[in-house]
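Below is one structure, written out as C-alpha coordinates; the observations come after it.
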Amino acid sequence: MRKSIVKLLIILVVIVSLVVACAPASTPEATPKPTPAPEVIKWRMGTCWPESLHTLLGIDKFPEYVEEMSGGRFLIDLYAAGVVVPAYEVFDAVSKGTLEAGSTLSTYWTGKMPAAPFFGSVPTGMNDIGLMTWIKFGGGLELWRELYAPYNIIPFFNGVIPPESFAWSNKPIRSLADFEGLKFRTIGTWADILKDMGVSISTVPGGEIYSALEKGIIDATEYSTPAVDRMLGFHEIAKYMVVPGVHSPGTCLETLVNKDAWEALPDDLKAIFEAANDKVALNLEAHCAMEDMKALAAFKDYGVEIIELDKEVLAKVKELTIEKDKELAAKDPMYAKVMKSYRDFQKEWDDYESLIMKIEYE
(Lines give C-alpha, C1' and ligand atoms only; values in the text may rest on other atoms or scores of the structure.)
Protein backbone atom coordinates (compact mmCIF):
# COMPACT_ATOMS: atom_id res chain seq x y z
CA MET A 1 0.00 0.00 0.00
CA ARG A 2 2.81 2.35 1.00
CA LYS A 3 4.62 1.55 -2.25
CA SER A 4 1.56 2.40 -4.27
CA ILE A 5 1.24 5.77 -2.54
CA VAL A 6 4.92 6.55 -3.18
CA LYS A 7 4.56 5.65 -6.86
CA LEU A 8 1.50 7.87 -7.13
CA LEU A 9 3.34 10.78 -5.54
CA ILE A 10 6.25 10.32 -7.92
CA ILE A 11 3.90 10.36 -10.90
CA LEU A 12 2.24 13.55 -9.64
CA VAL A 13 5.62 15.24 -9.17
CA VAL A 14 6.62 14.29 -12.71
CA ILE A 15 3.34 15.65 -14.14
CA VAL A 16 3.64 18.95 -12.27
CA SER A 17 7.25 19.33 -13.42
CA LEU A 18 6.22 18.77 -17.02
CA VAL A 19 3.42 21.33 -16.76
CA VAL A 20 5.76 23.93 -15.25
CA ALA A 21 8.41 23.21 -17.86
CA CYS A 22 5.93 23.69 -20.70
CA ALA A 23 4.44 26.93 -19.33
CA PRO A 24 5.56 30.08 -21.19
CA ALA A 25 8.19 32.08 -19.42
CA SER A 26 6.87 35.28 -17.84
CA THR A 27 8.15 38.51 -19.37
CA PRO A 28 8.07 42.04 -18.02
CA GLU A 29 5.09 44.08 -19.28
CA ALA A 30 5.98 45.73 -22.61
CA THR A 31 5.96 49.58 -22.80
CA PRO A 32 3.35 50.71 -25.41
CA LYS A 33 4.83 52.42 -28.45
CA PRO A 34 3.89 56.08 -28.86
CA THR A 35 1.36 56.87 -31.59
CA PRO A 36 3.23 58.46 -34.50
CA ALA A 37 2.42 62.14 -35.11
CA PRO A 38 0.18 62.66 -38.14
CA GLU A 39 1.85 63.88 -41.30
CA VAL A 40 1.64 67.65 -41.68
CA ILE A 41 1.07 68.89 -45.22
CA LYS A 42 2.20 72.41 -46.06
CA TRP A 43 1.11 74.42 -49.09
CA ARG A 44 2.05 77.84 -50.41
CA MET A 45 -0.76 80.03 -51.74
CA GLY A 46 -0.09 83.17 -53.74
CA THR A 47 -2.61 85.89 -54.50
CA CYS A 48 -3.11 88.60 -57.09
CA TRP A 49 -4.06 91.03 -54.33
CA PRO A 50 -2.11 93.57 -52.27
CA GLU A 51 -2.03 92.49 -48.63
CA SER A 52 -4.38 95.37 -47.74
CA LEU A 53 -7.20 93.58 -49.61
CA HIS A 54 -6.82 90.17 -47.97
CA THR A 55 -9.10 91.04 -45.04
CA LEU A 56 -11.82 92.59 -47.20
CA LEU A 57 -11.87 89.55 -49.49
CA GLY A 58 -11.70 87.14 -46.55
CA ILE A 59 -8.58 85.46 -47.95
CA ASP A 60 -6.66 86.08 -44.73
CA LYS A 61 -9.03 83.70 -42.90
CA PHE A 62 -8.59 80.83 -45.36
CA PRO A 63 -5.38 79.37 -43.84
CA GLU A 64 -6.91 79.69 -40.36
CA TYR A 65 -10.00 77.71 -41.39
CA VAL A 66 -7.90 74.96 -43.00
CA GLU A 67 -5.58 74.63 -39.99
CA GLU A 68 -8.43 74.58 -37.49
CA MET A 69 -10.58 72.05 -39.35
CA SER A 70 -7.62 69.75 -40.02
CA GLY A 71 -6.36 69.82 -36.43
CA GLY A 72 -3.07 71.27 -37.62
CA ARG A 73 -2.47 68.58 -40.26
CA PHE A 74 -2.85 71.00 -43.20
CA LEU A 75 -1.03 74.34 -43.15
CA ILE A 76 -1.17 77.01 -45.83
CA ASP A 77 1.21 79.96 -46.08
CA LEU A 78 -0.51 82.91 -47.78
CA TYR A 79 1.47 85.43 -49.83
CA ALA A 80 0.37 88.80 -51.19
CA ALA A 81 1.07 89.77 -54.79
CA GLY A 82 4.77 90.23 -55.42
CA VAL A 83 6.05 88.39 -52.35
CA VAL A 84 6.73 85.07 -54.11
CA VAL A 85 5.60 85.89 -57.65
CA PRO A 86 4.06 89.01 -59.24
CA ALA A 87 0.27 89.26 -59.44
CA TYR A 88 0.03 88.28 -63.09
CA GLU A 89 2.31 85.25 -62.67
CA VAL A 90 0.29 83.37 -60.04
CA PHE A 91 -1.46 81.22 -62.67
CA ASP A 92 1.84 80.02 -64.16
CA ALA A 93 3.29 79.40 -60.70
CA VAL A 94 0.35 77.18 -59.74
CA SER A 95 0.47 75.43 -63.11
CA LYS A 96 4.15 74.53 -62.60
CA GLY A 97 3.76 73.64 -58.92
CA THR A 98 5.90 76.52 -57.65
CA LEU A 99 2.77 77.38 -55.67
CA GLU A 100 0.23 74.73 -54.72
CA ALA A 101 -2.65 77.22 -54.77
CA GLY A 102 -3.61 80.77 -55.67
CA SER A 103 -6.37 83.32 -55.04
CA THR A 104 -6.99 85.12 -58.32
CA LEU A 105 -9.39 86.44 -60.96
CA SER A 106 -9.91 84.56 -64.22
CA THR A 107 -10.06 87.79 -66.23
CA TYR A 108 -6.29 88.13 -65.77
CA TRP A 109 -5.71 85.08 -67.98
CA THR A 110 -7.41 86.39 -71.13
CA GLY A 111 -4.11 86.28 -73.03
CA LYS A 112 -3.88 82.50 -72.46
CA MET A 113 -7.56 81.67 -72.79
CA PRO A 114 -9.93 84.19 -74.42
CA ALA A 115 -12.89 82.50 -72.68
CA ALA A 116 -11.44 82.98 -69.18
CA PRO A 117 -13.28 86.26 -68.37
CA PHE A 118 -16.66 84.51 -68.43
CA PHE A 119 -15.67 82.94 -65.10
CA GLY A 120 -14.66 86.29 -63.66
CA SER A 121 -16.44 89.21 -65.23
CA VAL A 122 -17.52 90.25 -68.72
CA PRO A 123 -19.02 93.51 -70.04
CA THR A 124 -22.85 93.60 -70.03
CA GLY A 125 -22.75 90.26 -68.22
CA MET A 126 -24.85 88.86 -65.41
CA ASN A 127 -24.98 90.40 -61.99
CA ASP A 128 -23.33 88.70 -59.04
CA ILE A 129 -26.24 86.41 -58.18
CA GLY A 130 -26.83 85.34 -61.78
CA LEU A 131 -23.13 84.66 -62.31
CA MET A 132 -22.93 82.54 -59.16
CA THR A 133 -26.03 80.58 -60.19
CA TRP A 134 -24.61 79.81 -63.63
CA ILE A 135 -21.28 78.66 -62.21
CA LYS A 136 -22.69 76.49 -59.43
CA PHE A 137 -25.82 75.09 -61.09
CA GLY A 138 -25.87 76.09 -64.76
CA GLY A 139 -22.85 74.18 -66.05
CA GLY A 140 -20.32 76.97 -65.58
CA LEU A 141 -18.01 75.14 -63.17
CA GLU A 142 -17.68 72.14 -65.49
CA LEU A 143 -16.69 74.40 -68.41
CA TRP A 144 -14.30 76.33 -66.18
CA ARG A 145 -12.46 73.15 -65.21
CA GLU A 146 -12.42 71.97 -68.80
CA LEU A 147 -10.82 75.27 -69.83
CA TYR A 148 -8.06 75.10 -67.17
CA ALA A 149 -7.35 71.35 -67.47
CA PRO A 150 -4.53 71.70 -70.07
CA TYR A 151 -2.66 73.90 -67.57
CA ASN A 152 -2.65 71.28 -64.79
CA ILE A 153 -4.94 73.51 -62.71
CA ILE A 154 -8.27 72.87 -60.98
CA PRO A 155 -10.30 76.06 -60.34
CA PHE A 156 -12.68 76.39 -57.40
CA PHE A 157 -15.48 78.93 -57.01
CA ASN A 158 -14.40 81.43 -54.34
CA GLY A 159 -17.46 83.67 -54.20
CA VAL A 160 -18.84 86.72 -55.99
CA ILE A 161 -18.60 90.44 -55.33
CA PRO A 162 -21.11 93.20 -56.18
CA PRO A 163 -20.87 95.43 -59.28
CA GLU A 164 -17.68 97.43 -59.66
CA SER A 165 -17.11 101.14 -60.08
CA PHE A 166 -16.95 101.95 -63.79
CA ALA A 167 -13.96 104.26 -63.38
CA TRP A 168 -11.94 106.62 -61.24
CA SER A 169 -10.82 109.52 -63.36
CA ASN A 170 -9.21 112.94 -63.38
CA LYS A 171 -11.19 113.77 -66.50
CA PRO A 172 -15.00 113.78 -66.59
CA ILE A 173 -16.43 110.75 -68.43
CA ARG A 174 -20.07 111.00 -69.44
CA SER A 175 -20.49 110.73 -73.19
CA LEU A 176 -18.88 108.73 -75.98
CA ALA A 177 -16.78 111.76 -76.93
CA ASP A 178 -15.09 111.68 -73.50
CA PHE A 179 -13.50 108.30 -74.25
CA GLU A 180 -11.47 109.49 -77.24
CA GLY A 181 -7.75 109.51 -76.36
CA LEU A 182 -8.37 108.63 -72.69
CA LYS A 183 -5.48 106.77 -71.01
CA PHE A 184 -7.31 104.02 -69.14
CA ARG A 185 -6.07 101.15 -66.98
CA THR A 186 -8.05 97.91 -67.37
CA ILE A 187 -7.69 94.26 -68.44
CA GLY A 188 -9.37 91.47 -70.37
CA THR A 189 -12.10 91.72 -72.98
CA TRP A 190 -13.08 95.11 -71.59
CA ALA A 191 -9.70 96.48 -72.70
CA ASP A 192 -10.43 95.41 -76.28
CA ILE A 193 -13.86 97.05 -76.21
CA LEU A 194 -12.48 100.31 -74.86
CA LYS A 195 -9.87 100.33 -77.63
CA ASP A 196 -12.75 100.32 -80.11
CA MET A 197 -14.07 103.40 -78.30
CA GLY A 198 -10.80 105.29 -78.88
CA VAL A 199 -9.19 104.58 -75.51
CA SER A 200 -5.45 104.04 -74.91
CA ILE A 201 -5.07 100.98 -72.64
CA SER A 202 -2.67 100.35 -69.75
CA THR A 203 -2.61 97.08 -67.76
CA VAL A 204 -0.66 98.01 -64.61
CA PRO A 205 -1.27 95.64 -61.63
CA GLY A 206 -3.50 96.72 -58.76
CA GLY A 207 -0.65 97.67 -56.46
CA GLU A 208 0.73 100.16 -58.99
CA ILE A 209 -2.50 101.93 -59.99
CA TYR A 210 -2.40 104.63 -57.30
CA SER A 211 1.04 105.82 -58.36
CA ALA A 212 0.16 105.71 -62.08
CA LEU A 213 -3.01 107.74 -61.54
CA GLU A 214 -1.29 110.21 -59.22
CA LYS A 215 1.56 110.83 -61.67
CA GLY A 216 -0.74 111.19 -64.69
CA ILE A 217 0.60 108.07 -66.41
CA ILE A 218 -3.07 107.14 -66.74
CA ASP A 219 -6.13 109.40 -66.79
CA ALA A 220 -8.55 106.84 -65.42
CA THR A 221 -8.76 103.34 -64.02
CA GLU A 222 -11.16 100.61 -63.06
CA TYR A 223 -10.19 97.99 -60.52
CA SER A 224 -12.94 96.73 -58.28
CA THR A 225 -15.84 97.59 -56.01
CA PRO A 226 -16.18 100.91 -54.14
CA ALA A 227 -14.89 99.32 -50.93
CA VAL A 228 -11.75 97.99 -52.61
CA ASP A 229 -11.22 101.30 -54.40
CA ARG A 230 -11.51 103.11 -51.09
CA MET A 231 -8.89 100.87 -49.48
CA LEU A 232 -6.55 101.62 -52.37
CA GLY A 233 -7.14 105.35 -51.91
CA PHE A 234 -8.36 106.23 -55.40
CA HIS A 235 -10.67 108.93 -53.99
CA GLU A 236 -7.60 110.77 -52.71
CA ILE A 237 -6.13 111.32 -56.18
CA ALA A 238 -9.11 111.18 -58.61
CA LYS A 239 -11.70 113.90 -59.00
CA TYR A 240 -14.45 111.72 -60.40
CA MET A 241 -16.05 108.36 -59.71
CA VAL A 242 -18.01 107.03 -62.71
CA VAL A 243 -20.97 104.60 -62.51
CA PRO A 244 -22.61 102.16 -63.28
CA GLY A 245 -20.21 99.23 -63.65
CA VAL A 246 -21.51 97.95 -66.98
CA HIS A 247 -18.10 96.42 -67.65
CA SER A 248 -18.43 94.25 -64.54
CA PRO A 249 -21.99 93.89 -63.20
CA GLY A 250 -20.83 90.97 -61.05
CA THR A 251 -17.42 89.41 -60.49
CA CYS A 252 -16.43 85.88 -59.46
CA LEU A 253 -13.15 85.17 -57.67
CA GLU A 254 -11.31 81.88 -58.03
CA THR A 255 -9.07 79.58 -56.03
CA LEU A 256 -6.54 77.82 -58.23
CA VAL A 257 -5.04 74.45 -57.21
CA ASN A 258 -2.21 72.55 -58.82
CA LYS A 259 -3.71 69.27 -60.03
CA ASP A 260 -0.78 67.09 -58.87
CA ALA A 261 -0.84 68.65 -55.40
CA TRP A 262 -4.60 68.13 -55.20
CA GLU A 263 -4.44 64.47 -56.15
CA ALA A 264 -1.77 63.87 -53.50
CA LEU A 265 -4.06 65.15 -50.71
CA PRO A 266 -5.91 62.62 -48.53
CA ASP A 267 -9.66 62.69 -49.12
CA ASP A 268 -10.44 64.24 -45.75
CA LEU A 269 -8.05 67.14 -46.38
CA LYS A 270 -9.61 67.68 -49.81
CA ALA A 271 -12.98 68.01 -48.10
CA ILE A 272 -11.52 70.44 -45.56
CA PHE A 273 -9.93 72.57 -48.28
CA GLU A 274 -13.24 72.82 -50.14
CA ALA A 275 -15.16 73.58 -46.94
CA ALA A 276 -12.74 76.37 -46.00
CA ASN A 277 -12.97 77.81 -49.51
CA ASP A 278 -16.78 77.74 -49.34
CA LYS A 279 -16.70 79.44 -45.94
CA VAL A 280 -14.71 82.33 -47.41
CA ALA A 281 -17.11 82.49 -50.37
CA LEU A 282 -20.17 82.51 -48.12
CA ASN A 283 -19.21 85.79 -46.45
CA LEU A 284 -17.61 87.52 -49.42
CA GLU A 285 -20.55 89.19 -51.17
CA ALA A 286 -22.36 90.42 -48.06
CA HIS A 287 -19.16 91.74 -46.52
CA CYS A 288 -18.20 93.57 -49.71
CA ALA A 289 -21.70 95.05 -50.11
CA MET A 290 -21.65 96.34 -46.53
CA GLU A 291 -18.25 97.93 -47.06
CA ASP A 292 -19.38 99.36 -50.42
CA MET A 293 -22.16 101.26 -48.71
CA LYS A 294 -19.71 102.71 -46.22
CA ALA A 295 -17.31 103.60 -49.03
CA LEU A 296 -19.94 105.50 -51.05
CA ALA A 297 -20.84 107.58 -47.99
CA ALA A 298 -17.15 108.31 -47.41
CA PHE A 299 -16.63 109.39 -51.04
CA LYS A 300 -19.47 111.89 -50.80
CA ASP A 301 -18.05 113.28 -47.56
CA TYR A 302 -14.64 113.55 -49.20
CA GLY A 303 -16.08 115.64 -52.03
CA VAL A 304 -15.75 113.14 -54.88
CA GLU A 305 -18.04 113.96 -57.82
CA ILE A 306 -20.03 110.89 -58.87
CA ILE A 307 -20.91 110.81 -62.58
CA GLU A 308 -23.52 108.60 -64.26
CA LEU A 309 -22.75 107.51 -67.81
CA ASP A 310 -25.05 108.64 -70.60
CA LYS A 311 -27.37 105.93 -71.93
CA GLU A 312 -25.67 106.17 -75.33
CA VAL A 313 -22.47 104.88 -73.71
CA LEU A 314 -24.27 101.87 -72.24
CA ALA A 315 -25.88 101.12 -75.61
CA LYS A 316 -22.51 101.37 -77.37
CA VAL A 317 -20.88 99.02 -74.87
CA LYS A 318 -23.66 96.49 -75.48
CA GLU A 319 -23.22 96.76 -79.24
CA LEU A 320 -19.43 96.34 -79.09
CA THR A 321 -19.71 93.42 -76.66
CA ILE A 322 -21.95 91.52 -79.08
CA GLU A 323 -19.49 92.18 -81.91
CA LYS A 324 -16.53 91.06 -79.78
CA ASP A 325 -18.32 87.86 -78.77
CA LYS A 326 -18.94 86.98 -82.42
CA GLU A 327 -15.35 87.78 -83.39
CA LEU A 328 -13.77 85.67 -80.65
CA ALA A 329 -16.23 82.80 -81.06
CA ALA A 330 -15.30 82.54 -84.73
CA LYS A 331 -11.61 82.17 -83.81
CA ASP A 332 -11.78 80.00 -80.69
CA PRO A 333 -14.09 76.94 -80.37
CA MET A 334 -13.77 76.95 -76.58
CA TYR A 335 -14.79 80.61 -76.45
CA ALA A 336 -17.82 79.78 -78.58
CA LYS A 337 -18.75 76.89 -76.28
CA VAL A 338 -18.44 78.89 -73.06
CA MET A 339 -20.08 81.99 -74.56
CA LYS A 340 -23.13 80.02 -75.68
CA SER A 341 -23.60 78.50 -72.24
CA TYR A 342 -23.14 81.87 -70.51
CA ARG A 343 -25.31 83.98 -72.83
CA ASP A 344 -28.09 81.36 -73.05
CA PHE A 345 -28.22 81.22 -69.28
CA GLN A 346 -28.13 85.02 -69.13
CA LYS A 347 -31.29 85.25 -71.24
CA GLU A 348 -33.10 82.96 -68.83
CA TRP A 349 -31.69 84.86 -65.88
CA ASP A 350 -32.75 88.23 -67.28
CA ASP A 351 -36.30 86.93 -67.82
CA TYR A 352 -36.42 85.59 -64.28
CA GLU A 353 -34.96 88.76 -62.79
CA SER A 354 -37.29 91.07 -64.69
CA LEU A 355 -40.34 89.18 -63.43
CA ILE A 356 -39.34 88.25 -59.91
CA MET A 357 -36.59 90.56 -58.72
CA LYS A 358 -37.20 93.90 -60.44
CA ILE A 359 -39.41 96.24 -58.43
CA GLU A 360 -40.05 99.81 -59.58
CA TYR A 361 -41.92 102.36 -57.49
CA GLU A 362 -41.97 105.22 -59.99
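Everything numeric in this text was worked out from a predicted model, so none of it was measured.
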To which residues is L282 joined in a hydrophobic cluster, defined by side-chain heavy-atom contacts under 4.5 Å among Ile, Leu, Val, Met, Phe, Trp and Tyr, whether direct or through other members?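 Via sub-4.5 Å side-chain contacts, L282 links to none.
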
Transitive ILVMFWY cluster of M290 at side-chain heavy atoms under 4.5 Å: who else is in it?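 Besides M290, the cluster holds M293.
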
Value rounded to 0.5 Å, distance of [atom1] in [X] from [atom2] in [Y]:
X    : Y    : atom1 : atom2 : value
E208 : I218 : CD    : CD1   : 10.5 Å
T225 : I161 : OG1   : CD1   : 5.0 Å
L105 : S224 : CG    : OG    : 8.5 Å
I217 : I209 : CD1   : CD1   : 12.0 Å
D350 : L355 : CG    : CG    : 11.0 Å
E254 : I153 : CD    : CD1   : 8.0 Å

Polar side-chain atom of [X] near backbone of [Y] as donor-acceptor pair, under 3.5 Å:
X    : Y    : answer
T110 : T107 : yes
D292 : A227 : yes
S341 : V338 : no
N127 : G250 : no
D219 : S169 : no

Under 30°, 30 to 60°, or over 60°: which ring-plane class applies to W349 and Y352, parallel, tilted or perpendicular?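 Tilted, since the angle between the ring planes falls between 30° and 60°.
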
Less than 3.5 Å apart, which donor and acceptor atoms pair up between the side chains of residues 181-190 and the rest of the protein, not counting sequence neighbours?
unit_1: K183; atom_1: NZ; unit_2: G216; atom_2: O; d: 3.2
unit_1: R185; atom_1: NE; unit_2: V204; atom_2: O; d: 2.9
unit_1: R185; atom_1: NH1; unit_2: E222; atom_2: O; d: 2.8
unit_1: R185; atom_1: NH2; unit_2: Y88; atom_2: OH; d: 3.2
unit_1: R185; atom_1: NH2; unit_2: V204; atom_2: O; d: 3.4
unit_1: T186; atom_1: OG1; unit_2: E222; atom_2: OE2; d: 2.6

Sorted by first residue and then second, give each salt bridge (charged side-chain N to carboxylate O under 4.0 Å, His left out) pair with at least one member in residues 89-109; sequence neighbours left out.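 Qualifying pairs, neighbours excluded: D92-K112.
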
If hydrophobic clusters are built from ILVMFWY residues whose side chains come within less than 4.5 Å, do [X] and [Y] share one?
X    : Y    : answer
V243 : F179 : no
L253 : I154 : yes
V304 : F166 : no

Shortest non-hydrogen contact between I272 and S70, atoms and distance: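 Between these two residues, the closest heavy atoms are CD1-CA, 3.6 Å.
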
4.5 Å side-chain heavy-atom contact, [X] and [Y]:
X    : Y    : value
T321 : V317 : yes
T98  : R44  : yes
M339 : V122 : no
W43  : N258 : no

Review item, side-chain donor-acceptor pairs of residues 48-65, under 3.5 Å, at least two apart:
unit_1: W49; atom_1: NE1; unit_2: S103; atom_2: O; d: 3.3
unit_1: W49; atom_1: NE1; unit_2: S103; atom_2: OG; d: 2.9
unit_1: H54; atom_1: NE2; unit_2: T47; atom_2: OG1; d: 3.0
unit_1: H54; atom_1: NE2; unit_2: W49; atom_2: O; d: 3.4
unit_1: T55; atom_1: OG1; unit_2: D60; atom_2: OD2; d: 3.3

Taking only residues two or more places apart in sequence or in another chain, which ones pass ring pair (Phe, Tyr, Trp, His ring centres under 6.0 Å) with [X]?
X    : result
Y335 : F118
F299 : W168, H235
Y151 : F91

Taking the six-membered ring for Trp, is the centroid-to-centroid distance between W134 and F119 below 6.0 Å?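 Ring-ring flag for W134/F119: true, centres closer than 6.0 Å.
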
Would [X] and [Y] pass as an ion pair if we require N to O under 4.0 Å?
X    : Y    : answer
D178 : R174 : no
K326 : E323 : no
E312 : K316 : no

Among residues at least two apart in sequence or on other chains, which ones pass side chain to side chain contact (heavy atoms under 4.5 Å, CB included) with Y240?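 With neighbours one apart ignored, the set is P172, E305, I307.
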
Let's go through K318 and V246 carefully: what are the C-alpha distance in whole Å and the side-chain angles of both, what is the deciding distance for side chain to side chain contact (heavy atoms under 4.5 Å, CB included) to 0.1 Å, and is it a yes or a no? CA-CA 9 Å; K318 181 71 172 179; V246 63; over 6 Å; no

Please, which pairs that meet ring pair (Phe, Tyr, Trp, His ring centres under 6.0 Å) have at least one residue in residues 195-225, sequence neighbours excluded?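 Checked against ring pair (Phe, Tyr, Trp, His ring centres under 6.0 Å) - neighbours excluded - no pair reaches residues 195-225.
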
Determine which pairs satisfy ring pair (Phe, Tyr, Trp, His ring centres under 6.0 Å) with at least one residue from residues 275-296, sequence neighbours left out, and list them in order.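 For residues 275-296, and leaving out neighbouring residues, there are no ring pair (Phe, Tyr, Trp, His ring centres under 6.0 Å) pairs at all.
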
Identify every side-chain donor-acceptor pair in residues 262-269 under 3.5 Å, counting partners at least two apart or on other chains, and give the distances.
unit_1: E263; atom_1: OE2; unit_2: K259; atom_2: NZ; d: 2.6
unit_1: D268; atom_1: OD2; unit_2: R73; atom_2: NH1; d: 2.6
unit_1: D268; atom_1: OD2; unit_2: R73; atom_2: NH2; d: 3.3

Taking it one step at a time, do K331 and E327 satisfy salt bridge (charged side-chain N to carboxylate O under 4.0 Å, His left out)? CA-CA 7 Å; K331 296 178 181 178; E327 176 189 331; 3.5 Å; yes

